[in-house]
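Have a look at the structure below before the remarks.
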There are 4 protein chains.
Amino acid sequence: MNTRTAKKRQAGNNGSGRRAELLALAARLFADRGYVSTTVRDIADAAGILSGSLYHHFDSKESMADEILRGFLDGLFDTYAQIVAADLGPRNTLEAVVAASFRFIRDHPAEVAIYQNEAKHLAHLERFAYIDERNVEFRNLWRKILTDGVRQGVFREDLDVELVYRFIRDTVWVAVRWYNPAGTLSADDVAQQYLGILLDGIATRRRRTKKTGETHG
Amino acid sequence: MNTRTAKKRQAGNNGSGRRAELLALAARLFADRGYVSTTVRDIADAAGILSGSLYHHFDSKESMADEILRGFLDGLFDTYAQIVAADLGPRNTLEAVVAASFRFIRDHPAEVAIYQNEAKHLAHLERFAYIDERNVEFRNLWRKILTDGVRQGVFREDLDVELVYRFIRDTVWVAVRWYNPAGTLSADDVAQQYLGILLDGIATRRRRTKKTGETHG
Amino acid sequence: MNTRTAKKRQAGNNGSGRRAELLALAARLFADRGYVSTTVRDIADAAGILSGSLYHHFDSKESMADEILRGFLDGLFDTYAQIVAADLGPRNTLEAVVAASFRFIRDHPAEVAIYQNEAKHLAHLERFAYIDERNVEFRNLWRKILTDGVRQGVFREDLDVELVYRFIRDTVWVAVRWYNPAGTLSADDVAQQYLGILLDGIATRRRRTKKTGETHG
Amino acid sequence: MNTRTAKKRQAGNNGSGRRAELLALAARLFADRGYVSTTVRDIADAAGILSGSLYHHFDSKESMADEILRGFLDGLFDTYAQIVAADLGPRNTLEAVVAASFRFIRDHPAEVAIYQNEAKHLAHLERFAYIDERNVEFRNLWRKILTDGVRQGVFREDLDVELVYRFIRDTVWVAVRWYNPAGTLSADDVAQQYLGILLDGIATRRRRTKKTGETHG
DNA sequence: AATGAATGAGCCTTCATTCAT
DNA sequence: CATGAATGAAGGCTCATTCAT
């Protein structure tokens, strides 16, 4: 059913413009209130139309989330892939990927928030199977950077790569909860600060820190 | 309304036990499916009773979340306060607080998950105003540790304390999403790994890393 | 079921005293909030016990209303019957019945209110069939007084007896909504005022009022 | 919420018609079964739709009662105000107001019944505060008629105006419980009968009735 | 494209009642 | 007599979705 709408979706999300507007509206609401708590009428109200009218543009609320997430993940993967393809070496690659991620937070905060907060639940639905697939891709990509770095002696060899990957991934993406593009720190500032900590730690450098710290005053 | 039940609750969660059971059940479901997506029937089903019967123990679904979150935040704050009171110096305090947090994730995963995923939305409700109050307390506590450390030369002086606080807070708590108590890594293992990275970074130590890294191969 | 309780009820409502207390409590609540809007727990709360415990005394909420209404109607009928038996003549009988009614309002405001507000709905239930029976008795009683009065020339012969009966009945009983025993007017005061109006009207007595009043300044 | 619907309501009950239909249905049910005992499903069933569909037209069950009562009280007040404005003198004004009231009973029996039976309870809710305000207005209006009449010597000077006002008000409105528009008596017949009694009393006119009646045979 | 009316399923909650202790 | 836990039915309301106009 809904042949016309379906056709348009097939045709790519350029066209109408109205589509993109509605999607952006929905994304912001999903991000702010949560996917389940956002009603179709909330979206329609924001667009100044009646809830039923939304179904001229989208098959369902789920489709909206789908389109939003798919677009976000595709864009993110493209970016990551380009960085990796540049072959900058583990350290620079890591820095570039982190910086790119913070820029994504700056440019697509709603999408990132949805990815952070809703992906886990949505991934259970068949149509969102690609979420887990993308997660696997991203994990591999990250682990390769880290593993290469360790092998090349750029990163410490005592690292638990899986753990480091998770820490980085989480820290970066959760920043969407507080990062404010209008604030004093640019996305690149934040990235630099984070990379500073990640690479060199917050401790001062008198001597190498032992596994279990002895008492310092 | 529900004066009788309320009275009992006030009196402490002595006796019943059933209360605690139900609360634990609810917490797990809230954590797994999200607060809004968890129906009262889900909880009742899990407890083997009818949904209406839950209201013999609790005033509302909201009260359950309230009780869960309140208990969690009180417990967490007590723990933090004890550590701070021990006056171990910034570095050891930081290590102790991080370790304690991972132990909370191990021991109260559902509560932590609810705090992570639902607190933001619930905090809008008047009855959950204490969430924001606690957040302020925690922020002050963390910032003091970091600020003291910088002043004492234990932590680098070029740190943006607010940013570091956020990175730590987020990284630690988001770990609830993947930390598995039944896995090979103990909570303390994870804490040590994280502290290792946080304090000393992941980079190897040939030379001090510059602010803006030139190309290292 | 509930043999013991049933036995006690059979035995007459003297005994316990607790029974009467509870019934009085229930009556007041039924009167104030309405029968449907009064919950069994409201009554139990007022009595300082748990709602389930009420069922030691009464079979059901309906039984309480039943007992209250039955008692009220029996008492009222006894009173009316005694007045009629005194054979005072239509006018004095009418005055006595009106006065007795206002005294009932003073002494049993809750019961009267329940009769006024709930009887209509309860009467549909089989167990409350006696309500309509009583209403018929009362109607006959009232109509006889009026008819006798007309026949004896004490009351105007152009009266529509049925209508007069309804006007009197309604006006008297609805007074339960506003009559305040603690106020300045005694029940007998109110009765006298009403009888004054009912018997002689509120118009001044220049001349007999015509059926359709011409214009008076 | 339900902004759209609300907007339409504001705009006047033009167009829809459906709204008015549903409201009339609801009014009849509220009147017959009582407000609390009438379920939203009852109303929907009567309208041949599902209960949820009612919420396309109204915000809540309460709103329906609100709209019904508000409309009724506004209409009634307009009518009374016009009569008062005609300045017919106390007696004719009283007659006109009584007659108008019985016509309201004839034309809007459901609304009157709701006013009689439910207003007291609803008035406790903030949104129904206007009920008490209207009651005050009506009371003033009635008392003025009576007071003027007494001052002009048209009504007896020994009247307790407040009491007379209450008797009239109650007698008139309670008639909604039994008045049947399809019966032999027209609303104006009933009004005339009642006015006959109210003005001149039911007693025959040999002599002025004394305060306390001596024995007549 | 959009409206407006409706569906149908489900949600949170209430409440009279039961019953083992 | 009373408690405390539970039942089962129902109630008001929400919401994604459909569809004729």
Side-chain angles (χ1 to χ4, degrees), chain A residues 1-2 4-5 16 18 36-44 47-64, chain B residues 1-2 4-5 8 15-16 18-19 22 36-44 47-62 64, chain C residues 1-2 4-5 8 16 18 36-44 47-64, chain D residues 1-2 4-5 8 15-16 18-19 22 36-44 47-64:
Chain A
M1 67 191 76
N2 222 335
R4 280 227 307 277
T5 314
S16 65
R18 185 71 171 138
V36 270
S37 295
T38 302
T39 73
V40 168
R41 223 177 74 185
D42 287 339
I43 304 170
I49 58 178
L50 287 180
S51 69
S53 306
L54 267 183
Y55 288 80
H56 270 281
H57 303 277
F58 304 96
D59 282 341
S60 65
K61 181 181 169 183
E62 221 177 86
S63 313
M64 294 187 231
Chain B
M1 63 188 76
N2 222 335
R4 208 157 295 277
T5 315
K8 193 187 318 154
S16 64
R18 187 69 170 135
R19 243 191 120 57
L22 295 172
V36 269
S37 296
T38 302
T39 74
V40 168
R41 268 178 189 86
D42 288 339
I43 303 170
I49 59 179
L50 289 179
S51 73
S53 306
L54 271 181
Y55 290 79
H56 188 62
H57 304 276
F58 305 95
D59 280 341
S60 64
K61 181 180 167 183
E62 219 177 88
M64 295 188 226
Chain C
M1 65 190 77
N2 221 336
R4 282 226 307 279
T5 314
K8 191 183 316 154
S16 64
R18 185 72 171 138
V36 269
S37 295
T38 301
T39 73
V40 168
R41 223 177 73 185
D42 287 339
I43 304 170
I49 58 179
L50 288 180
S51 69
S53 307
L54 267 182
Y55 289 78
H56 271 281
H57 304 276
F58 305 95
D59 283 341
S60 66
K61 181 181 168 184
E62 220 177 87
S63 313
M64 294 188 230
Chain D
M1 63 190 76
N2 221 337
R4 211 156 294 276
T5 315
K8 192 185 320 151
S16 65
R18 187 70 171 134
R19 245 191 118 59
L22 294 171
V36 269
S37 296
T38 302
T39 75
V40 167
R41 274 176 185 84
D42 287 340
I43 303 171
I49 59 179
L50 289 178
S51 74
S53 306
L54 270 181
Y55 289 80
H56 186 63
H57 303 276
F58 305 95
D59 281 341
S60 64
K61 180 181 167 183
E62 218 177 88
S63 316
M64 295 189 227

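So that the names make sense, note that chain A is the first sequence line, chain B the second, and so on, each numbered from 1. Here the structure is a predicted model, which is why all the values come from computation and not from measurement.
- Judged by Watson-Crick or G-U wobble contacts below 3.5 Å, the nucleotide F:dG8 has E:dC15 as its partner.
- Remark: E:dA2 base-pairs with F:dT21. Criterion, Watson-Crick or G-U wobble with two distances under 3.5 Å.
- Expressed to the nearest 0.5 Å, how far NZ of D:K61 lies from CG of D:L54 amounts to 11.5 Å.
- Rounding to the nearest 0.5 Å gives a distance of 7.0 Å between CZ of C:R41 and OG of C:S51.
- Side chain of D:I49, nearest nucleotide from E:dA6, F:dG4, F:dA6: E:dA6.
- For the atom pair D:H56 NE2 and D:R18 CZ, the distance stands at 10.5 Å (nearest 0.5 Å).
- When the C1' atom of E:dT18 is taken as reference, atom CG of C:L50 falls 14 Å away, rounded to whole Å.
- Remark: B:R18 is in phosphate contact with F:dA6, judged by side-chain N or O atoms under 4.0 Å from OP1 or OP2.
- The minimum heavy-atom distance linking B:S37 with A:V36 is given by the pair OG-CG1, 3.4 Å.
- Rounded to a whole Å, the CD atom of B:E62 is 13 Å from the C1' atom of E:dT13.
- The base of E:dG10 is not paired with the side chain of B:R41 by any donor and acceptor separated by under 3.5 Å.
- If you find the closest nucleotide of DNA chain F to B:G48 and to D:T39, the one lying nearer the 5' end belongs to B:G48.
- Interatomic distance, C:I49 CD1 to C:H57 NE2, rounded to the nearest 0.5 Å: 5.0 Å.
- Residue A:Y55 places at least one side-chain N or O closer than 4.0 Å to OP1 or OP2 of F:dT17.
- Atom C1' of nucleotide F:dC13 and atom NZ of D:K61 are separated by 12 Å, given to the nearest angstrom.
- Nearer to the 5' terminus of DNA chain E, by closest-nucleotide assignment, is the contact made by D:S53 (compared with the other of D:S53 and B:S53).
- Using a 4.0 Å heavy-atom criterion, one finds that D:T38 contacts the sugar-phosphate atoms exclusively.
- Taking the side chain of C:V40 as heavy atoms from C-beta on, and the options E:dA16, F:dG12, E:dC12, the nearest nucleotide is E:dA16.
- If you measure from atom CG of D:L22 to atom P of E:dG4, you get 16 Å, rounded to the nearest angstrom.
- One atom, CG of A:D59, and another, P of F:dT17, lie 9 Å apart when rounded to the nearest Å.
- Residue D:H56 places none of its side-chain N or O atoms closer than 4.0 Å to OP1 or OP2 of F:dT14.
- Nearest-nucleotide mapping onto DNA chain E: of A:L54 and C:D42, the residue sitting toward the 5' end is A:L54.
- Contact annotation: D:H57 does not reach the phosphate of E:dG4 (side-chain N/O to OP1 or OP2, under 4.0 Å).
- Taking for each of B:G52 and D:S51 the nucleotide of DNA chain F with the nearest heavy atom, the 5'-most of the two is the partner of B:G52.
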